[in-house]
Amino acid sequence: MGLDQNETPSFFKFESLDIYHKALDFCHAVSILSNDCSNDAQRLVVNRFFDEALKIVTNISEGSTGTKNLFSVSLQQAKSAIGNCVLFCSLAARHNLINAEKEVFFRNALMEMTKMIVALIVSLQKHDPIDSPL
């Protein structure tokens, strides 16, 4: 059974999670905003926005390597980073880094990721004892 040329083998559990890929895409979209920065204030907003977006992805990948309890805590931290991204999304709009359409796009992605994380937390708590390994 061979791999498609475009298919990357997945050794790490988190790579099979849809939320991981959604968060990675979001992080990439935020990073592109740095191309439009024309002053220090805009760069500061984009850098902080990117840091929070990166925390979403990082918490998902790091948490998935531990127990279900640890993963749930990491997912809660990812959810907190999403809340911070909402703030930086608003700031990016106020600094004219994104237009209204892009702001709606970012906010919809943040809402979708929140729902996905909550569903994953509920799933983790439903099936097995919380302290069992993943």
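Just so you know, residue 1 is the first one in the sequence shown, and it goes up from there. Worth knowing before you read on, the calculation uses all heavy atoms, side chains too, and leaves out hydrogens, waters and symmetry mates.
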Checklist outcome for this item: Nearest heavy-atom contact between Gly63 and Ser74 is CA-OG, 3.3 Å
Item to check | Within-4.5 Å side-chain heavy-atom neighbours: Leu33 and Phe106 | outcome: yes
Next on the checklist: So Leu120 and Phe71, do their side chains get closer than 4.5 Å, heavy atoms only?
Outcome noted: yes
Checklist entry - Of Lys79, Met113, Gln76, which is the lone residue that meets side-chain contact (heavy atoms from CB on, under 4.5 Å) with Val118? => result Lys79
Item to check | Validation row: Phe26, Leu110 side chains within 4.5 angstrom (heavy atoms) | outcome: yes
Checklist entry - Between Glu103 (side chain) and Ile98 (backbone), is there a donor-acceptor pair under 3.5 Å? => result no
Checklist entry - Rounded to the nearest 0.5 Å, how far apart are CD of Glu112 and CG of Asp18? => result 9.5 Å
Checklist entry - Nearest heavy-atom pair of Val45 and Ala92: which atoms, and what distance? => result CG1-N, 3.8 Å
Item to check | Sub-4.5 Å side-chain heavy-atom contact between Cys85 and Phe49 | outcome: yes
Next on the checklist: Side chains of Ile32 and Asn35, heavy atoms from C-beta outward: is any pair under 4.5 Å?
Outcome noted: yes
Checklist entry - How many angstroms lie between atom CG of Asn59 and atom OG of Ser64, to the nearest 0.5 angstrom? => result 10.5 Å
Checklist entry - Under 4.0 Å between a Lys/Arg side-chain N and an Asp/Glu carboxylate O for Lys22 and Asp25? => result no
Checklist entry - To the nearest 0.5 Å, what is the distance between CG (Leu75) and OG (Ser123)? => result 10.5 Å
Checklist entry - Between the main-chain N or O of Glu15 and the side-chain N or O of His21, is there a donor-acceptor pair closer than 3.5 Å? => result yes
Item to check | Salt-bridge criterion met for Glu52 and Lys55 (N-O under 4.0 Å) | outcome: yes
Item to check | Close side-chain approach of Arg43 and Ser38, heavy atoms under 4.5 Å | outcome: no
Item to check | Glu101 and Val104, any side-chain heavy atoms less than 4.5 Å apart | outcome: no
Item to check | Shared hydrophobic cluster, Leu54 / Leu44 (ILVMFWY, side-chain heavy atoms < 4.5 Å) | outcome: no
Checklist entry - Once you round to the nearest 0.5 Å, how far does OG of Ser34 lie from CZ of Phe50? => result 8.5 Å
Item to check | Ile56 reachable from Met111 in the ILVMFWY side-chain graph, under 4.5 Å edges | outcome: no
Item to check | Side-chain heavy atoms of Leu97 within contact of Cys37, under 4.5 Å | outcome: yes
Checklist entry - Roughly how far, to the nearest 0.5 Å, is the CG atom of Leu17 from the CE atom of Met116? => result 8.5 Å
Checklist entry - Are Ile60 and Val73 linked, directly or through other ILVMFWY residues, by side chains that come within less than 4.5 angstrom of each other? => result no
